[in-house]
Each structure stands twice: as C-alpha cells, then as structure tokens.
Amino acid sequence: MRHNFGAGPCILPQEVFKQASQAVLDFKDGLSILEISHRTPEFEAVVEEAVKLVKELLNVPEGYSVLFLQGGASLQFAMVPMNLLNEGQTASYLETGVWANKAIKEVKNFGTANVVASSKDANFTYIPKDYSIPEDSTYFHFTSNNTIYGTELMTVPVTKVPVVCDMSSDILSRVIDVSQYDLIYAGSQKNIGPAGSTVVIIKDSILGKTTNKIPSMLDYKQHIDGGSMYNTPPVFAIYVAMLNLRWLKSKGGVAEIEKENIAKAKALYTEIDRNPLFKGTCAVEDRSRMNICFVMENPELEKPFLKFAEENGMEGIKGHRSVGGFRASVYNALPITSVHALVELMQEFAEKHQK
C-alpha cells in the first residue's frame with residue numbers, strides 16, 4: 001500500500017478520483033468533462049455549486065465574493081497589491097518563509113512593502129511575535145501555513161487595517177472566522193482540489209479604491225462580475241474541486257476534519273518527540289498541522305531512513321531541497337492509518353539503529 005505524504009499537488013480522496021474518472025469518460029450525454037463548453041448550463045451549475053460549498057463550509061458572511069481563478073497563489077502575490085495598493089502607499093507583510101518573501105517582492109512593483117517582522121534569522125523555524133502593524137498600512141498580509149518549514153499561524157493578528165492571507169496549504173483544514181479577513185487566497189492543490197485553480201474569498205467593499213490601470217484579467221471586479229468565467233476557466237480543476245468539497249461536506253465539514261487533522265498531527269509529533277533518532281525542526285508552539293517537518297539526530301541515518309520508508313510505501317516524505325530532512329504533509333484526505341504506518345516505521349527503524 002502507498003501512503004501519499006506529498007506536499008502538493010497532494011492526496012485526494014479515492015471516491016473523488018473515481019467520480020472524476022467517470023466524468024472524463026462521460027459527464028453529460030456521452031461528452032467528457034474535458035470537452036464540454038464552460039458556457040453550458042451543466043458546467044455553470046458546477047461553478048455555482050463549488051462557490052456555494054466554499055461559502056457553506058467556511059461560513060462566508062454576506063458581502064464577500066468567492067472566485068475560482070487561474071495562475072496559482074503566485075499570481076495573487078501580484079494581483080493583491082495591483083487591486084488594493086496605490087503608488088506611494090505602503091502594505092505591511094509578515095515574512096515567514098519563501099512564499100511570503102515572493103509576495104513581498106511583488107509589492108515593490110506597485111507601492112512599498114513594510115516587513116513588520118521576519119523569522120529569516122532562524123531559517124523560518126518560528127512565527128514572529130510581539131510586532132506592531134502600522135495603522136497607516138493599506139493592508140496587512142501574512143501566510144497562515146508555511147509548507148517548506150512546517151510552521152503555522154493559527155490566529156489572526158490584531159489590527160485595524162484590512163487583513164490579507166495566503167491560506168494555500170491550510171484552508172479548509174480548520175475552522176476560521178472569515179469575517180476577520182478582508183481577502184483570502186489559496187492555490188487549490190492541497191485541500192481544495194487538483195492543481196490548476198485558485199480560490200479567492202474577497203470582501204467586496206475593499207475593491208475600487210485604487211487608481212491603478214488594472215488589466216481586465218487581473219481585476220478582481222471583472223472576475224466577480226463574470227462569475228469566475230470572465231475567460232475560459234480551468235473546467236476540470238473546478239469540477240474536481242467541487243467533488244472534493246462535496247466529500248468534505250459529507251465528512252461533517254471543516255469542524256469534523258479539524259478533529260482528524262489534530263489527531264494526525266498529534267500522533268506524528270508525539271513519535272518525533274519520543275523517538276531518540278528524530279527531532280522536530282521548528283518551535284513547538286508554531287508547529288504546523290499540515291506539514292510536519294523533522295530531521296534525524298544523526299544526519300548519516302537520513303538517507304537510510306528515506307530508503308527504508310520509500311521501500312515500505314511512504315511517498316513524498318523527503319524534505320524540501322532548501323531545508324533537507326523530512327516533511328510529512330497530512331492534508332485532509334490523508335487517513336490517520338497512513339500516519340500510524342509512518343510512526344510504526346519510525347519505531348522499527350529506531351529499534352534497528354539505536355546503539
């Protein structure tokens with residue numbers, strides 16, 4: 001049996017694969033989901049249901065729009081300041097890793113980025129605390145979960161300025177209060193669906209305040225007016241996302257999946273802390289539930305353990321090339337049995353190599 005701990009694109013439920021496979025062969029009257037027009041009533045219903053499910057699962061308040069766009073979270077790094085920031089204005093950013101750093105880089109094309117705090121001094125192994133957000137900031141941006149380093153910010157920093165969050169790798173994994181945010185964006189390829197679409201949840205009232213000349217394809221208002229179909233959308237990616245959102249609802253929604261995610265993370269972190277061969281890489285209070293990063297006390301054992309794990313069905317546990325070690329991503333669709341299987345392998349490996 002294979003256990004998929006890949007960081008993304010990542011594991012999806014088997015029933016979603018089966019339903020999506022059938023739709024590839026026959027979605028409507030013998031036509032594949034890959035060949036139907038996005039203007040058909042059948043696909044318009046798919047987009048409507050996907051948007052409705054996002055709103056229902058996250059309890060999105062009135063006054064917010066939900067979009068399915070393209071370009072990944074990386075395009076949002078530029079779309080956010082382009083739509084919200086005028087030349088001469090400043091946006092504040094929390095620097096907690098590679099993706100936050102990339103977002104900060106894009107701001108400089110439209111205004112000024114003020115880095116209120118950074119954990120770069122310790123290779124992003126903790127979430128900065130005790131920083132202040134200037135009240136004259138146009139908005140404050142942070143990344144809620146840092147996939148490469150295994151840190152996660154569970155609470156929204158207190159501020160009077162609009163809050164923007166890159167929630168790509170922990171959206172739908174835990175209950176959040178959307179009203180605390182003014183804009184949330186997330187690449188789909190973790191807990192939403194396959195790679196190819198990006199979900200944006202945006203408070204309508206924050207738009208229309210810039211004098212920037214925004215290209216139509218990069219204008220949130222254009223996409224809101226077009227119902228996520230200003231141009232041809234990623235049809236298959238949105239369809240599979242809809243199936244996955246249905247699956248999450250059938251599981252009892254976000255509150256129920258959060259309980260499972262807490263149990264999975266606890267089981268693996270407990271073994272990391274107990275097993276003398278392994279150790280965690282980031283501050284305990286900032287540990288991510290989604291991306292569990294660890295190394296070995298003896299670096300010489302890392303290659304043998306990786307080989308042992310892969311031979312026993314563990315996929316995707318090699319750490320990111322910039323930090324090394326191991327990373328077990330435990331997204332929504334990963335069953336806790338896979339976590340238990342990894343824990344058992346860690347114990348077995350320790351028995352063989354402890355002196």
Side-chain angles (χ1 to χ4, degrees), residues 3-8 10-11 96-97 119 122-129 143-155 167-176 190-191 254-299 301-302 304-306 308-310 312-320 322-354:
H3 303 276
N4 185 0
F5 291 93
C10 70
I11 187 170
T96 53
S119 51
N123 198 29
F124 303 115
T125 53
Y126 69 97
I127 299 291
K129 303 164 185 72
T143 306
S144 57
N145 186 74
N146 299 285
T147 55
I148 293 175
Y149 308 95
T151 60
E152 187 171 13
L153 202 162
M154 297 286 187
T155 58
M167 208 172 282
S168 292
S169 52
D170 64 350
I171 193 169
L172 296 168
S173 70
R174 56 187 174 89
V175 175
I176 62 169
K190 317 294 185 183
N191 287 325
V254 176
E256 288 302 312
I257 208 70
E258 181 175 21
K259 294 176 185 176
E260 294 186 18
N261 290 332
I262 289 172
K264 289 184 289 187
K266 182 180 179 180
L268 190 45
Y269 281 125
T270 296
E271 180 60 24
I272 291 169
D273 294 338
R274 184 206 66 80
N275 194 316
L277 263 61
F278 301 90
K279 62 179 178 180
T281 57
C282 63
V284 172
E285 68 273 16
D286 298 325
R287 284 174 165 178
S288 169
R289 292 179 190 163
M290 294 286 96
N291 308 101
I292 298 172
C293 297
F294 57 102
V295 295
M296 306 200 76
E297 290 285 0
N298 180 357
L301 290 177
E302 289 192 359
F305 176 70
L306 180 62
F308 177 69
E310 290 177 343
N312 284 275
M314 303 297 151
E315 295 287 341
I317 68 164
K318 185 177 181 180
H320 191 272
S322 64
V323 295
F326 306 97
R327 173 176 56 178
S329 297
V330 290
Y331 298 119
N332 285 354
L334 185 83
I336 196 167
T337 51
S338 290
V339 174
H340 290 160
L342 177 56
V343 166
E344 290 171 4
L345 282 182
M346 293 166 71
Q347 294 171 348
E348 184 179 343
F349 189 82
E351 290 175 2
K352 293 179 178 178
H353 291 83
Q354 276 182 289

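Computed from a predicted model, the values in this text were never measured in an experiment.
Ring-centre distance between Tyr269 and Phe294: not below the 6.0 Å cut-off.
Considering only heavy atoms from C-beta on, Phe278 stays 4.5 Å or farther from Leu301 through its side chain. Within the 4.5 Å cutoff, no side-chain heavy atoms of Arg327 are placed close to those of Ile292.
Taking all atoms of both residues into account, the shortest heavy-atom contact from Leu277 to Ala350 is CD2-CA, 3.7 Å. The nearest pair of heavy atoms linking Lys190 to Ala7 is NZ-O, 2.7 Å. Contact detail for Ala255 and Val175: the closest heavy-atom pair is CA-CG2, 3.7 Å. Of all the heavy atoms in Lys266 and Thr270, the pair that sits closest is O-OG1, 2.6 Å. Between Ala328 and Leu342 the shortest heavy-atom distance is CB-CD2, 4.0 Å. Considering every non-hydrogen atom in both Ser119 and Thr96, the closest pair reads OG-CA, 3.8 Å.
Checking Asn291 against Tyr331 by side-chain atom types alone, a donor-acceptor pair falls below 3.5 Å. Residues Asn332 and Ser173 bring no donor and acceptor atom of their side chains to less than 3.5 Å of each other.
Under the side-chain contact (heavy atoms from CB on, under 4.5 Å) criterion, Lys279 pairs with Val295, Glu297, sequence neighbours left out. The salt bridge (charged side-chain N to carboxylate O under 4.0 Å, His left out) test applied to Glu256 returns Lys259, not counting sequence neighbours. By the side-chain contact (heavy atoms from CB on, under 4.5 Å) test, Ser322 pairs with Ile148, Tyr149, His320, sequence neighbours left out. Checked against side-chain contact (heavy atoms from CB on, under 4.5 Å), Lys129 has the following partners two or more places apart in sequence or in another chain: Ile127, Glu285, Asp286. The salt bridge (charged side-chain N to carboxylate O under 4.0 Å, His left out) check on Arg174 picks up Glu152, Asp170, with sequence neighbours excluded.
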Full working for side-chain contact (heavy atoms from CB on, under 4.5 Å) between Asn191 and Met290: CA-CA 10 Å; Asn191 287 325; Met290 294 286 96; 3.6 Å; yes
Test log, rule side-chain contact (heavy atoms from CB on, under 4.5 Å), inputs Ser288 and Thr151: CA-CA 5 Å; Ser288 169; Thr151 60; 5.7 Å; no
Step-by-step side-chain contact (heavy atoms from CB on, under 4.5 Å) determination, Val339 to Val330: CA-CA 8 Å; Val339 174; Val330 290; 3.9 Å; yes
Chi angles and distances behind the side-chain contact (heavy atoms from CB on, under 4.5 Å) call for Ile257, Leu172: CA-CA 8 Å; Ile257 208 70; Leu172 296 168; over 6 Å; no
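Counting only distance, with no hydrogens or angles, the side chain of Asn4 and the backbone of Gly6 share a donor-acceptor pair below 3.5 Å. The main-chain N or O of Met346 is found under 3.5 Å from a side-chain atom of Asn275 such that the two form a donor-acceptor pair.
Note on residues 337-350: pairs passing salt bridge (Lys or Arg N to Asp or Glu O under 4.0 Å), not counting sequence neighbours, are Glu348-Lys352.
With respect to the salt-bridge test (charged N to carboxylate O, under 4.0 angstrom), the residues Arg289 and Glu258 qualify.
Distance SG/Cys10 to CD/Glu315: 14.0 Å, rounded to 0.5 Å. Distance check, rounded to the nearest 0.5 Å: CZ of Arg287 to OG1 of Thr281 gives 8.5 Å. Taking CG of Leu334 as the start and CZ of Phe5 as the end, the distance is 5.0 Å to the nearest 0.5 Å. Here NZ of Lys264 is found 8.5 Å from OG of Ser338. Values are rounded to the nearest 0.5 Å. Taken to the nearest 0.5 Å, the OG atom of Ser329 stands 9.0 Å off from the CG atom of Asn145. Between the CE atom in Met296 and the CD1 atom in Ile272 there is a gap of 11.0 Å [rounded to 0.5 Å].
The aromatic rings of Phe308 and Phe349 sit tilted, their planes meeting at an angle between 30° and 60°.
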